[in-house]
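Worksheet: the structure to be examined is printed underneath.
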Amino acid sequence: AEAAESEKQDPTGKNVSNVENLQLDAFDVPAVKTKQVSSQGMKRIYRLMTPREDGSLLVPQAVLDKWKDTVNGGRDEVKQLWLNANEDKELFIQRCKRIVESIEEKDLWVDGKFMSEKAMTDDGMDAWLP
């Protein structure tokens, strides 16, 4: 039961747990298996993963973290996403942002509780009452 609760599924039925465990194929983009990233494509990916002069990134931090993960296959996932975007910079950036945003939206939790007006008055939060 706990394993089922810890794994969430996106609308396509794929397991998505959180941004740290980023699923780059969350939008069910078909894999391009016969093609390798060209040397020029690798240079473009390196430029996309490099922070700008002001420190900003063109891709979300979670994708950069995946790119740096050479041990667990994260870099291969980013390369696959690059190939699925037909090596188009703008499409690649757009898809990366969309995937991360959809995962972050699924993981959004708001902590709070219901309080009666009396409980709010007793806790000194009567300024919030209408």
Side-chain angles (χ1 to χ4, degrees):
E2 290 180 13
E5 291 175 7
S6 66
E7 292 184 7
K8 298 178 183 178
Q9 290 190 341
D10 70 358
T12 63
K14 296 187 182 209
N15 290 333
V16 179
S17 58
N18 57 26
V19 175
E20 288 79 27
N21 191 13
L22 181 64
Q23 297 290 328
L24 293 180
D25 59 349
F27 289 98
D28 205 21
V29 179
V32 180
K33 295 182 180 178
T34 59
K35 197 172 177 185
Q36 293 287 330
V37 178
S38 65
S39 62
Q40 185 165 358
M42 287 298 292
K43 289 178 184 178
R44 293 185 78 192
I45 296 173
Y46 277 111
R47 282 195 304 264
L48 288 170
M49 299 298 159
T50 304
R52 304 291 153 233
E53 191 173 305
D54 63 355
S56 65
L57 295 169
L58 290 175
V59 296
Q61 182 66 43
V63 176
L64 179 61
D65 294 341
K66 273 292 197 185
W67 176 253
K68 290 179 181 179
D69 179 20
T70 58
V71 176
N72 296 321
R75 182 165 288 191
D76 293 334
E77 290 181 34
V78 175
K79 287 180 187 178
Q80 189 64 52
L81 186 61
W82 174 256
L83 290 173
N84 290 345
N86 295 323
E87 300 188 17
D88 179 16
K89 172 186 165 186
E90 296 302 321
L91 183 59
F92 175 76
I93 293 170
Q94 179 184 12
R95 285 188 179 170
C96 288
K97 288 179 180 179
R98 190 179 323 146
I99 290 169
V100 172
E101 286 172 5
S102 71
I103 293 170
E104 287 175 349
E105 286 174 4
K106 290 176 187 167
D107 288 342
L108 179 64
W109 289 92
V110 178
D111 292 330
K113 61 181 180 178
F114 176 79
M115 294 180 73
S116 66
E117 289 182 12
K118 182 180 181 328
M120 289 180 73
T121 305
D122 293 345
D123 288 348
M125 292 188 270
D126 50 352
W128 295 100
L129 294 174

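Residue indices begin at 1 and follow the sequence shown. Everything quoted here is computed from the prediction, not taken from an experiment.
If you take CD on Gln94 and CD1 on Ile99, they are separated by 10.5 Å, rounding to the nearest 0.5 Å. Within the model, atoms CH2 of Trp67 and CD1 of Ile45 stand 4.5 Å from one another, a figure rounded to the nearest 0.5 Å. The CZ atom of Arg75 sits 9.0 Å away from atom CE of Met49, with the distance rounded to the nearest 0.5 Å. We find the CD-CG distance between Glu90 and Leu58 to be 8.5 Å, quoted to the nearest 0.5 Å. Between the CG atom in Asp69 and the NZ atom in Lys66 there is a gap of 6.0 Å [rounded to 0.5 Å]. Note: Gln80 CD to Glu77 CD = 9.5 Å, rounded to the nearest 0.5 Å.
Across Ser38 and Glu87, no two heavy atoms sit closer than the pair OG-OE1, 3.9 Å. Nearest heavy-atom pair, Leu81 versus Cys96, reported as atom, atom and distance to 0.1 Å: CD2-SG, 3.4 Å. The shortest non-hydrogen separation linking Arg47 to Arg52 is O-NH2, 3.1 Å. Of all heavy-atom pairs spanning Leu48 and Lys89, the tightest one is CD2-CG, 3.7 Å. Closest of all the heavy-atom pairs between Ala85 and Leu91 is O-CD2, 3.5 Å.
In this structure, the side chains of Phe92 and Arg44 stay at 4.5 Å or more apart for every pair of heavy atoms.
Under the 3.5 Å distance criterion, the side-chain polar atoms of Asn72 are left unmatched by any main-chain donor or acceptor of Gly74.
In terms of the side chain to side chain contact (heavy atoms under 4.5 Å, CB included) criterion, residue partners of Asp76 (sequence neighbours excluded) are, by chain and number, Lys79. Annotation: side-chain hydrogen bond (donor to acceptor under 3.5 Å, both in side chains) contacts of Gln61 (sequence neighbours excluded): Asp65.
Neither Val78 nor Val71 shares a network with the other; the hydrophobic side chains, linked directly or stepwise wherever heavy atoms of I, L, V, M, F, W or Y lie under 4.5 Å apart, form separate groups for each.
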